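The analysis underlying the following values was restricted to heavy atoms, covering all of them including side chains, and did not include hydrogens, waters or symmetry mates. Note that the structure is a prediction, hence the values are computed from the model and not measured. Throughout, protein chains are lettered first and strands after them, A, B, ... in sequence-line order, and every chain is numbered starting at 1.
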Amino acid sequence: MSSYAMPSDWPTDERTARAVQDGLRTRVVLDEAGPPPGTGHVTGVDVAYDDERDVVAAAVVVLDAATLDVVEEATAVGKVAFPYVPGLLAFREIPTVLAALGELRSDPGLVVCDGYGVAHPRRFGLASHLGVLTGLPTIGVAKNPFTFVYEDPAAVRGSASPLLDGAEEVGRALRTREGVKPVFVSAGHRVSLDRACAHTLRLTPRYRLPESTRRADALCRSALRAAAG
DNA sequence: GCGACAG
DNA sequence: ATCTTGTCGC
């Protein structure tokens, strides 16, 4: 039995999905600093699809936050439950992610999502949604700026600039590798933006993307091939 | 109405 | 996300 239960009223249409986001957004907690970087566990989450066969595979990889060594891995396969609609990504990814999380024996610690948290049209992206449903601290690290505006950060690793939705800073463009395109970090649930960035830098000692998501990405792809392709 | 648009 | 070879560079 999974300890992370999916709501029984999972929406199947866009209208209802947006209403669900509006109903849950008030539960997002943003006044907690979150776990100190380099302590406990950090868990990467990612999902791969085979829309041709209507199959989706999710992977969660738990890392030791201090060493980045793999502590535990888990995967789950399911049917695609929602189409990709910008702003509604969570409804496509979360069902299978919850199933994979439910297979873990370890405490996930901080969950790092491939996408956004509060940097979202209704301030309730994938990372925030997953955080509210599980109660776990979460952050979002995306590869693209979505609809937000930002100034290119300085070339040196560690530089950052605000990711803006109008005048509001909803996240940060963070340079994780010298001279390489930045990643886009946002708080998800129970973690501050400053700390989300600090975690992201600790997770990127060598590559642009966090080790957690790189590991989860490789794992969900192989899980998908094993299940379908 | 048209274009943009996390993964 | 996914379709896809070679190629430039550290």
Side-chain angles (χ1 to χ4, degrees), chain A residues 14 17-18 20-21 25 28 44-61 75-98 100 111-132 138-150 155 157 162-166 168-174 176-189 193 196 200 205-210 212-229:
Chain A
E14 298 184 24
R18 291 194 183 84
V20 168
Q21 292 183 325
R25 54 186 295 183
V28 175
V45 172
D46 196 19
V47 177
Y49 302 91
D50 183 333
D51 288 298
E52 194 77 1
R53 305 191 181 190
D54 208 44
V55 177
V56 51
V60 292
V61 179
T75 61
V77 174
K79 280 192 66 176
V80 176
F82 206 89
Y84 170 66
V85 179
L88 301 179
L89 179 65
F91 297 96
R92 182 170 168 78
E93 312 219 323
I94 285 184
T96 317
V97 167
L98 287 177
V111 176
V112 180
C113 295
D114 190 2
Y116 282 117
V118 295
H120 177 275
R122 287 168 293 283
R123 304 292 179 271
F124 199 65
L126 171 64
S128 297
H129 201 147
L130 184 61
V132 166
T138 63
I139 68 173
V141 179
K143 299 182 287 297
N144 295 294
F146 199 7
T147 61
F148 307 111
V149 177
Y150 71 100
R157 167 180 149 80
L163 188 61
L164 306 169
D165 184 354
E168 182 181 355
E169 179 183 45
V170 295
R172 219 163 271 165
L174 180 65
T176 54
R177 284 203 68 190
E178 170 94 34
V180 173
K181 176 179 177 177
V183 294
F184 304 89
V185 181
S186 57
H189 181 60
L193 178 56
T200 301
R206 174 162 184 177
Y207 300 104
R208 177 192 176 226
L209 298 179
S212 41
T213 59
R214 295 184 72 252
R215 284 251 163 65
D217 178 75
L219 184 56
C220 69
R221 292 195 192 202
S222 64
L224 182 64
R225 294 190 317 179

Look at the side chain of A/R172 and the backbone N and O of A/S186, then say whether any donor-acceptor pair between them is shorter than 3.5 Å. no
Charged N to carboxylate O under 4.0 angstrom, A/R221 versus A/D50? no
Out of B/dA6, B/dG7, C/dA1, which nucleotide sits closest to the side chain of A/R221? C/dA1
Write down the distance between CG (A/D51) and P (C/dA1), rounded to a whole number of angstrom. 12 Å
Output the rounded distance in Å from CZ (A/R122) to C1' (B/dA6). 13 Å
Applying a 4.0 Å non-hydrogen cut-off, can you work out what A/Y49 is touching in the nucleic acid: base, sugar-phosphate, or nothing? sugar-phosphate
Using centres under 5.5 Å plus planes under 30 degrees as the test, is A/Y84 stacked with B/dG7? yes
Donor-acceptor pair, A/T96 side chain versus A/A76 backbone, under 3.5 Å? no
Report yes if a side-chain nitrogen or oxygen of A/K143 is closer than 4.0 Å to either non-bridging phosphate oxygen (OP1 or OP2) of B/dG7; otherwise report no. yes
At less than 4.0 Å, is any side-chain N or O atom of A/N144 found next to OP1 or OP2 of B/dG7? Yes or no. yes
Quiz item: cation-pi between A/R214 and A/Y207, 6.0 Å / 45°: yes
Can you give one letter per nucleotide of nucleotides 5-10 of chain C, 5' to 3': B if a protein heavy atom sits under 4.0 Å from the base, S if only from the sugar-phosphate, - if neither? ------
Watson-Crick or G-U pairs under 3.5 Å in DNA chain C, rendered as dot-bracket with [ ] for crossing pairs and | for another strand: ..........
Determine the minimum heavy-atom distance between A/S128 and A/V118, stating which atoms define it. OG-N, 3.3 Å
Length of the CD-P vector between A/E93 and C/dT2, whole Å: 10 Å
Considering non-hydrogen atoms only, spot the tightest contact between A/G87 and A/F146 and give its length. N-CZ, 3.8 Å
Please determine whether side chain to side chain donor-acceptor pair (under 3.5 Å) holds for the pair A/E93 and A/Y49, giving the CA-CA distance in whole Å, both sets of side-chain angles, and the decisive distance to 0.1 Å. CA-CA 10 Å; A/E93 312 219 323; A/Y49 302 91; 2.9 Å; yes
Within this structure, what is the OH-to-C1' distance between A/Y150 and B/dA6, rounded to whole angstrom? 14 Å
Report the distance from atom NE2 of A/H120 to atom P of B/dA4, rounded to the nearest whole Å. 20 Å
Identify whether any heavy atom of A/L163 sits under 4.0 Å from a base atom; if not, whether one sits that close to sugar-phosphate; answer base, sugar-phosphate or nothing. nothing
Let me know the distance between CG of A/L130 and C1' of B/dG7, rounded to the nearest Å. 14 Å
Quick one: label A/A48 by what it contacts on the DNA or RNA (base, sugar-phosphate, nothing), any heavy atom closer than 4.0 Å. sugar-phosphate
Would you classify A/G140 as touching base, sugar-phosphate or nothing, given that sugar-phosphate means primed atoms plus P, OP1 and OP2, and contacts are heavy atoms under 4.0 Å? nothing
In whole Å, what is the span from the CG atom of A/L224 to the P atom of C/dA1? 12 Å
For A/E14 and B/dC5, give me the distance from atom CD to atom P, rounded to whole Å. 17 Å
Is A/T176 reaching over with its side chain to a backbone N or O of A/R208, donor-acceptor style, under 3.5 angstrom? yes
Donor-acceptor contact below 3.5 Å, side chain A/T75 vs main chain A/C220: no
Against the six-membered ring of A/F124, is A/R18 placed for a cation-pi contact (under 6.0 Å from the centre, within 45° of the normal)? no
